[in-house]
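So you know, we letter chains A, B, ... as the sequences are listed, proteins then strands, and number each from 1.
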Amino acid sequence: MNIPVEIQVVIPQEKGKLSPNTIVSFRGHLDRIDQKLTLVADEVFDGEKGDDVSTVKEKYDKDPNREKVSVAGRLISFRDQGKAAFGHIQDADGKIQIYMKMDILGEDRYKEIMEIIDVGDIVGVRGELFRTMTGELTVEVHDIELLAKSLRVLPEKWHGLKDVEQRYRHRYLDLIANKKARDIFKIRSKAIKSLREFLDSRGFMEVETPILQSVASGAIARPFITHHNALDIDMFLRIAPELYLKMLVVGGFNRVYEIGRNFRNEGIDSTHNPEFTMVEFYAAYLDYNDLMELTEELMRKILLDTVGTLNITWEGQELDFSKPFRRVRFFDALKDKTGKEKDFFLNEDNARRFAVEVGIPKAESLTHSKLLDKLFEHFIEEDLIQPTFVIDFPKVLSPLAKTHREDPDLVERFELIINKQEIANAYTELNEPDEQRERFFQQLRERELGDEEAMEIDENFLMALEYGLPPTAGEGIGIDRLVMMLTDSSSIREVILFPTLRPEKE
RNA sequence: GUGCCCAUAGCUCAGCUGGUAGAGCAACGGACUCUUAAUCCGUGGGUCGCGGGUUCGACUCCCGCUGGGCACACCA
């Protein structure tokens with residue numbers, strides 16, 4: 001099966017972007033060697049003995065003789081020296097040098113290979129391992145196959161691919177060219193694996209709940225709206241799985257968790273992507289104090305499993321996870337900064353006047369809960385670098401959390417703040433149906449006051465509570481932000497393989 | 001959504017107060033049997049994001065648009 005000559009010319013032109021001259025600059029020699037590309041489409045690399053690069057390297061460490069290996073990957077560099085040539089092939093975990101020699105391959109085969117193979121191609125090689133004079137582990141190639149042709153030229157080897165737009169739109173190029181990008185997503189995968197291990201080992205059961213929902217509740221955010229044709233109803237992409245997970249606890253699954261995508265129709269910036277990954281987990285018969293302990297253990301495990309240390313640097317801040325996390329009450333922290341007591345802020349007029357004074361934007365028109373939220377961000381969050389639990393939030397801010405056992409103005413809730421960012425949010429769950437209904441009505445009033453994001457009433461959930469939700473504690477952790485922390489990334493787009501971008505126009 | 005900044009060869013980038021575009025790498029041809037940012041000789045490659053305007057003349061100045069980045073706003 002030959003690659004027809006037309007491919008080099010016709011296909012790129014149809015895409016409308018590339019001039020014929022540009023195509024020739026890609027692989028200008030292909031039209032001349034067309035007849036020789038007989039392997040490309042049909043040949044399948046004999047994967048039986050094929051290893052990835054890291055396996056080959058391990059193999060050699062165990063047996064430092066001329067081990068026979070077969071390995072496949074992308075040819076990322078090539079140094080032709082006439083009757084011998086060196087190159088490197090790469091996969092996600094590493095690269096290994098290959099050495100081709102005319103004496104070994106035979107003159108005809110060697111010349112053919114030199115003509116067919118280009119940097120960027122996927123090749124499979126068989127041969128024996130040895131070390132070069134400089135000591136580099138290398139495959140002496142006894143046979144090489146072209147497994148897939150790269151018609152386009154790879155990004156530059158030295159500077160890599162820097163243009164962020166291209167890195168996001170063509171992430172595969174980023175992954176080929178930039179080790180840092182590969183490392184980030186490997187850590188992301190390890191972090192999620194570690195998280196699963198942790199929760200599984202604590203008796204949690206992984207579940208899946210609807211992403212298409214007819215009421216978008218469980219968090220405070222604007223939803224994406226879509227339409228189901230057969231049912232002829234509008235539906236929402238979930239903004240949180242919370243209510244469904246609690247219904248499962250009602251059903252007797254006492255420990256459940258879900259790792260999945262949430263969708264919020266809000267702005268995009270360095271810490272917000274419209275779709276993002278959260279884990280939410282719920283445990284019957286625990287309270288928020290238990291969850292704080294659990295969270296510390298979880299964070300430490302994930303750190304050790306991914307980066308192998310409890311001391312990391314994020315955006316220039318040195319973070320220490322080895323000591324017990326600090327705990328500070330919401331209104332104590334606020335008092336430290338402002339000198340004003342809880343009762344002052346719980347008066348809406350006071351809170352508003354104060355917010356206006358300190359320059360909170362639009363403070364005149366915000367609802368009481370929004371005001372408190374802004375004051376929290378302004379005075380407390382901005383100041384917290386080391387892992388800190390802010391605990392005991394005002395009730396108006398937390399429609400799904402249980403009232404504090406010692407203070408009816410507060411709820412049993414904590415947020416874990418690290419380097420000014422909210423990483424986790426948890427509370428003892430409100431399990432009294434009457435009070436939950438009343439809190440939903442309060443949200444409805446907020447909505448009427450112009451807060452479009454106030455939570456919606458979910459009657460199904462209320463009915464479930466009426467059957468009895470055991471005392472339960474629940475928590476949500478933003479995986480993307482956690483991975484940002486683990487990889488010292490300053491933008492959420494660096495830790496999402498394909499971040500949301502505006503489509504290119506033609 | 002608002003403000004500021006950015007868009008030049010496949011990639012990374014130069015290009016002064018307006019005079020018709022350059023480098024390195026890559027590509028293509030050639031030389032070279034332990035190279036590794038290989039080296040050496042040679043060649044080609046551009047709708048300067050898109051559309052208007054000013055001008056004898058625009059990559060350059062002005063306006064609009066598109067895409068992106070940062071900050072703010074928004075968003076637990």
Legend entry - Gap in Å between the two P atoms, one belonging to B/rA26 and one to B/rG64, rounded: 43 Å
Legend entry - Complementary nucleotide of B/rA23, counting Watson-Crick and G-U pairs under 3.5 Å: B/rU12
Legend entry - Nearest-nucleotide 5' precedence on RNA chain B, A/T138 against A/P399: A/T138
Legend entry - Under-4.0 Å salt bridge between A/K337 and A/E382: no
Legend entry - Nearest-angstrom distance from the residue atom CZ of A/F86 to P of B/rC32: 17 Å
Inset, instruction - Look at all strands and tell whether A/D163 reaches a base, only sugar-phosphate, or nothing, counting heavy atoms closer than 4.0 Å. - result: sugar-phosphate
Inset, instruction - Identify whether the distance between the nearest side-chain nitrogen and carboxylate oxygen of A/E357 and A/R353 falls below 4.0 Å. - result: no
Inset, instruction - Scan A/S77 against the nucleic acid and name what it touches under 4.0 Å (heavy atoms): base, sugar-phosphate only, or nothing. - result: nothing
Inset, instruction - Look at the side chain of A/E136 and the base of B/rU36, then say whether one donor and one acceptor between them are separated by less than 3.5 Å. - result: yes
Legend entry - Minimum-distance nucleotide (side-chain atoms of A/Q81 versus B/rC74, B/rU12, B/rU35): B/rU35
Legend entry - A/R445/A/E438 salt bridge by N-O under 4.0 Å criterion: yes
Inset, instruction - Give, ordered by number, those residues of residues 353-362 of chain A having at least one heavy-atom distance below 4.0 Å to an atom of RNA chain B; if nothing qualifies, reply none. - result: A/P361, A/K362
Legend entry - Sugar-phosphate, base or nothing in reach of A/E266, heavy atoms under 4.0 Å: sugar-phosphate
Legend entry - Minimum-distance nucleotide to A/W158 side chain [options: B/rC34, B/rA37, B/rA71]: B/rA37
Legend entry - Any residue meeting side-chain hydrogen bond (donor to acceptor under 3.5 Å, both in side chains) with A/Q421, in chain and number order, not counting sequence neighbours: none
Legend entry - Minimum-distance nucleotide to A/K162 side chain [options: B/rC13, B/rC28, B/rU36]: B/rC13
Inset, instruction - Considering just the side-chain nitrogens and oxygens of A/R79, establish if one lies under 4.0 Å of OP1 or OP2 belonging to B/rA38. - result: yes
Inset, instruction - Tell me the partner of B/rU17, counting only Watson-Crick (N1-N3 plus N6-O4 or O6-N4) or G-U wobble (N1-O2 and O6-N3) with both under 3.5 Å; none if nothing fits. - result: none
Inset, instruction - Would you mind pulling out the nucleotide paired to B/rC59, Watson-Crick or G-U wobble, both distances under 3.5 Å? - result: none
Inset, instruction - Pick base, sugar-phosphate or nothing for A/M133, based on heavy-atom distances below 4.0 Å to the nucleic acid. - result: base
Legend entry - Watson-Crick or G-U wobble mate for B/rA7, both contacts under 3.5 Å: B/rU66
Legend entry - Pairwise P distance, B/rG29 and B/rG45 [rounded to whole Å]: 16 Å
Legend entry - Presence of salt bridge, A/K402 and A/E429, under 4.0 angstrom: no
Inset, instruction - Say whether A/S489 and A/E494, considering side chains only, have a donor N or O and an acceptor N or O under 3.5 Å apart. - result: no
Inset, instruction - Ignoring the backbone of A/D103, work out which of B/rC11, B/rU33, B/rG68 is nearest its side chain. - result: B/rU33
Inset, instruction - Return yes when atom CZ of A/R261 has more than 12 non-hydrogen atoms of other residues, nucleotides or ligands closer than 6.0 Å, and no otherwise. - result: no
Inset, instruction - Find the partner of B/rU54: check Watson-Crick (N1-N3 plus N6-O4 or O6-N4) and G-U wobble (N1-O2, O6-N3) distances, both under 3.5 Å, and reply none if neither fits. - result: none
Inset, instruction - Remember a base hit wins even if backbone is also touched, and classify A/F78 as base, sugar-phosphate or nothing at under 4.0 Å, heavy atoms. - result: nothing
Legend entry - Counterpart base for B/rU39, defined by Watson-Crick or G-U wobble contacts under 3.5 Å: B/rA31
Legend entry - 5'-most by nearest nucleotide on RNA chain B - A/G160 or A/K101: A/G160
Legend entry - Heavy atoms from other residues, nucleotides or ligands near CZ of A/R171 exceed 12 (cutoff 6.0 Å): yes
Please tabulate, one pair per line, all N/O donor-acceptor pairs under 3.5 Å involving side-chain atoms of residues 94-107 of chain A, not counting sequence neighbours.
{"from": "A/Q97", "atom 1": "OE1", "to": "A/R79", "atom 2": "NH2", "distance (Å)": "2.9"}
{"from": "A/Q97", "atom 1": "NE2", "to": "A/T138", "atom 2": "OG1", "distance (Å)": "3.1"}
{"from": "A/E107", "atom 1": "OE2", "to": "A/K111", "atom 2": "NZ", "distance (Å)": "2.8"}

Inset, instruction - Could you measure between the two P atoms, the one in B/rU36 and the one in B/rU20, and give it in whole Å? - result: 41 Å
Inset, instruction - Could you check which residues of residues 368-385 of chain A get a heavy atom under 4.0 Å from RNA chain B? Sort them by number, please. - result: A/K370, A/D373, A/K374
Legend entry - Of the listed nucleotides B/rC32, B/rG24, B/rA38, the one nearest the side chain of A/E156: B/rG24
Inset, instruction - Mind checking the CG-CG spacing from A/D392 to A/L410? Nearest 0.5 Å is all I need. - result: 5.5 Å
Legend entry - Interface with RNA chain B, restricted to residues 412-427 of chain A and to heavy atoms under 4.0 Å: A/R413, A/E422, A/N425
Inset, instruction - Would you classify A/R169 as touching base, sugar-phosphate or nothing, given that sugar-phosphate means primed atoms plus P, OP1 and OP2, and contacts are heavy atoms under 4.0 Å? - result: sugar-phosphate
Inset, instruction - Scan residues 490-502 of chain A against RNA chain B and write down, sorted by residue number, each residue with any heavy atom closer than 4.0 Å; if none is found, say none. - result: A/R493, A/L501, A/R502
Legend entry - A/K335/A/D332 salt bridge by N-O under 4.0 Å criterion: no
Legend entry - A/K395 bridged to A/E435 by N-O distance under 4.0 Å: yes
Inset, instruction - Take the angle between the ring planes of A/F330 and A/F393 and call it parallel below 30°, perpendicular above 60°, tilted in between. - result: tilted
Inset, instruction - Work out which heavy atom in A/I418 is nearest to a heavy atom in A/P387; give both atom names and the distance. - result: CG1-CA, 3.8 Å
Inset, instruction - Determine the interatomic distance between C1' on B/rU66 and the same-named atom on B/rG18; round to the nearest Å. - result: 26 Å
Legend entry - Pairwise P distance for B/rG15 and B/rU55, with rounding to whole Å: 29 Å
Legend entry - Positive for side chain to side chain contact (heavy atoms under 4.5 Å, CB included) with A/D480, one of A/V495, A/T271, A/N273: A/V495
